[in-house]
Amino acid sequence: MRDTPEPDVLLDWYDQHARKLPWRISPQDQRAGTVPDPYRIWLSEIMLQQTTVAAVKTYFERFTHLWPTIHDLAQAEDGRVMGEWAGLGYYARARNLLKCARVVSGELGGVFPDTVEALQKLPGIGPYTAGAIAAIAFNQPAVVVDGNVERVMARMFDIHTPLPAAKPELTDYAAGLTPHSRPGDYAQAVMDLGATICTPRNPACGICPWRKPCLARQAGTAAELPKKTPKKPKPVRFGTVYIARRVDGALLLERRPDKGLLGGMLGWPGSEWVEGETPDHATPIRAEWKVLPAEARHTFTHFHLRLAVQTALVPMDRTPDQGEFIEANAFSSGDLPTVMRKAFDLYTGA
DNA sequence: AACCCGGGGTA
DNA sequence: TACCCAGGGTT
């Protein structure tokens, strides 16, 4: 019978190597009595969905400075929150963040539920996030399975079934290891292990606290796990955006519909984005339009985009057919999703 | 179950 | 370039 992975071994490692993160209470501080703030844990977990710690840090600091409590966030204006989320991606997260904040603030007295089942009923909280909040904020022995945990389990038990088909099996293994002692620290320890040692490429097996029981390390297959089903190639789509500056400096923008790509975000008026060639589209306002010599290139989850950028300077008394002018002092390019900011940077010569 | 939805870091 | 990621919602 082989060594089995011991949660306590990982917790000892975590006591020594836990990263300092803005939303994390260190094991030492927890022993001293500091308790996590469920609001901050929730906010960090939403931001961390499909997003790296490095990218999240500054956004987390900004959000908690602007809105220190769930009630503050619940009362924020939609456009303000979307603007602060700009650049972080997966904008449905920001819309669900506000929905969730308003439910918790308005209907639950500002108190987050402490069970996986109740948490998962809230907007934007799925199986992973519900488990993470239950474990980290409420110290419950919830099963927490993210991409890191999937990778650690696939290697520990040398599972060659490709993801996502392997997810239920990997979840079972994760459940079997989840301890009742310090479940919050344990959940973070496994994820830290995956983020810093059991990395996707070149795992540092030599310094891994769980190297002894790891079957993939013994088999020499760690670096090739977990297997994944091949992804479809990304097609290239083409489109045009129109950047109109009024003589007083105001810019012609439009709020995108809540549903679909970049939902709820500010953007430049423009054409549909289609495969093949740049589609024809009416300009959003009568003016002398010029096509910029370069195109804005951007890659989304499912396609590459090549965006032609047209620009114009328009007089004061002209009414747009599409979008609305925003005064120069009420606009920052940081309010735009990245693809729109790239187009603006081409325009300004940045 | 399949599909939709960003962006940045890394090799 | 291609791959990776502290996933959830919709259909």
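Below, all heavy atoms of this structure are taken into account, side chains as well, without hydrogens, waters or symmetry copies. Chain letters run A, B, ... following the sequence lines, proteins first, then strands; residues in each count from 1. Treat the numbers as computed from the prediction; the structure is a model and nothing was measured.
- For A:Arg102 and A:Trp67, the positive end is not near the middle of the six-membered ring at less than 6.0 Å and at most 45° from its axis.
- Mapping A:Gln49 and A:His304 onto DNA chain C by nearest heavy atom places A:His304 closer to the 5' end of the strand.
- One atom, OH of A:Tyr14, and another, C1' of C:dA6, lie 12 Å apart when rounded to the nearest Å.
- Separating the CG atom of A:Asp192 from the P atom of C:dA6 is a distance of 10 Å, rounded to the nearest angstrom.
- Within the 3.5 Å criterion, the main-chain N or O of A:Trp13 finds a donor-acceptor partner in the side chain of A:His17.
- Panel note: side chain A:Asn96, backbone A:Ala92; a donor-acceptor pair is recorded below 3.5 Å.
- Contact footprint of chain A on DNA chain B: nucleotides with an atom under 4.0 Å from a non-hydrogen protein atom, first to last in 5' to 3' order, B:dC3 to B:dT10.
- Within the 3.5 Å criterion, the main-chain N or O of A:Arg217 finds no donor-acceptor partner in the side chain of A:Arg211.
- Distances shorter than 4.0 Å separate some side-chain N or O of A:Thr129 from OP1 or OP2 on C:dG8.
- As judged by a 4.0 angstrom heavy-atom cut-off over every strand, A:Leu305 is placed among residues making no nucleic acid contact.
- OP1 or OP2 of C:dC5 lies within a sub-4.0 Å distance of a side-chain N or O belonging to A:Lys228.
- Cation-pi check for A:Arg237 over A:Phe303 is met; the charged atom lies under 6.0 angstrom from the ring centroid and within 45 degrees of its normal.
- In this entry the distance linking CG of A:Leu98 with P of C:dG8 reads 18 Å, nearest Å.
- Spacing between C:dA6 and B:dA11 at atom P, rounded to whole Å, works out to 15 Å.
- Both A:Leu122 and A:Glu45 sit near DNA chain C, but only A:Glu45 has its closest nucleotide nearer the 5' end.
- The backbone N or O of A:Met265 lies less than 3.5 Å from no partner atom in the side chain of A:Arg255, so there is not a single donor-acceptor pair.
- On a pure distance criterion of 3.5 Å, a polar donor-acceptor pair joins the side chain of A:Arg19 and the base of C:dA6.
- One interatomic measurement links the two molecules: CG of A:Leu48 to P of C:dG7, which rounds to 8 Å at whole-angstrom precision.
- Separating the C1' atom of B:dG7 from that of C:dT10 is a span of 22 Å, rounded to the nearest Å.
- Between the C1' atom of C:dT1 and the NZ atom of A:Lys234 lies a distance of 11 Å, rounded to the nearest Å.
- Across B:dG8 and C:dG9, the matching P atoms stand 24 Å from one another, rounded to whole Å.
- A donor-acceptor contact shorter than 3.5 Å links the side chain of A:Arg318 to the backbone of A:Arg286.
- Between the CG atom of A:Leu163 and the C1' atom of C:dG7 there is a distance of 13 Å, rounded to whole Å.
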